[in-house]
Structure formats: structure tokens, C-alpha cells
Amino acid sequence: MGRRLFTSDRWNWSQKAEKWVYIEITKEGKKKYNYQIDPPQEFIELTLKMKSLNE
């Protein structure tokens with residue numbers, strides 16, 4: 001299986017790390033990785049909206 005590249009400035013799910021990762025591009029052009037276990041708040045809100053629309 002090929003290596004998946006993550007998109008910057010948005011949340012991505014890392015199967016390898018089993019965590020959410022947000023990649024920021026610094027002013028110097030370097031990547032800053034932010035990890036968290038819980039889903040991002042935006043993801044939770046969109047999931048609730050989808051549930052409401054489906055009902």
C-alpha cells in the first residue's frame with residue numbers, strides 16, 4: 001500500500017498513529033504536526049448535522 005500524504009490546514013486521520021493530526025505550515029515553510037486522540041470539534045458538529053438531516 002502506498003504512503004498517504006496528509007493535507008495541510010485541516011484535520012486528517014492517521015491510521016498508523018491512530019490519532020487525528022492537524023498540519024500547519026509555519027511562516028518558515030516547515031510543517032508543524034498537532035495530534036489528538038478525540039475527534040476535532042468540527043468533525044463532531046458536522047456528524048451531528050448529518051444525523052439531524054438523515055432523520
Side-chain angles (χ1 to χ4, degrees):
M1 179 171 11
R3 182 176 175 196
R4 179 174 178 256
L5 300 176
F6 294 123
T7 306
S8 60
D9 298 323
R10 62 167 276 209
W11 285 100
N12 300 270
W13 175 253
S14 170
Q15 289 183 317
K16 183 177 180 181
E18 296 185 351
K19 295 178 185 176
W20 290 94
V21 59
Y22 189 91
I23 303 169
E24 295 178 67
I25 305 297
T26 65
K27 291 180 182 179
E28 297 81 26
K30 295 184 179 183
K31 292 181 180 180
K32 178 181 175 187
Y33 294 83
N34 301 294
Y35 292 92
Q36 68 182 44
I37 295 172
D38 295 327
Q41 187 61 36
E42 302 96 313
F43 184 82
I44 294 169
E45 290 170 5
L46 288 173
T47 301
L48 293 174
K49 284 181 185 178
M50 286 182 4
K51 180 180 184 255
S52 175
L53 289 171
N54 284 329
E55 291 176 350

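- We find the CG-CD distance between L46 and Q41 to be 10.0 Å, quoted to the nearest 0.5 Å.
- How far CD of E45 is from CG of L48: 8.0 Å, rounded to the nearest 0.5 Å.
- Between W20 and W11, the ring planes are perpendicular. Angles over 60° get that label, and only those under 30° would be called parallel.
- Shortest non-hydrogen contact noted between P39 and I44 is O-CD1, 3.8 Å.
- Q36 places a side-chain N or O within donor-acceptor distance of the main-chain N or O of D38, the cut-off being under 3.5 Å.
- No more than 12 heavy-atom neighbours from other residues, nucleotides or ligands sit within 6.0 angstrom of CD1 on I37.
- By the 4.5 Å heavy-atom criterion applied to side chains, I23 and D9 are not counted as neighbours.
- The salt bridge (Lys or Arg N to Asp or Glu O under 4.0 Å) check on E55 picks up K51, with sequence neighbours excluded.
- Using modelled atom types, one side-chain atom of N12 and one backbone atom of R10 make a donor-acceptor pair closer than 3.5 Å.
- Distance NZ/K19 to CD/Q15: 15.0 Å, rounded to 0.5 Å.
- Here the OG-NZ distance, from S8 to K31, works out to 7.0 Å after rounding to the nearest 0.5 Å.
- For the pair I25 and K30, the minimum side-chain heavy-atom distance is 4.5 Å or more.
- Note on Y22 and F43: same hydrophobic cluster, where clusters join Ile, Leu, Val, Met, Phe, Trp and Tyr whose side-chain heavy atoms are under 4.5 Å apart, directly or indirectly.
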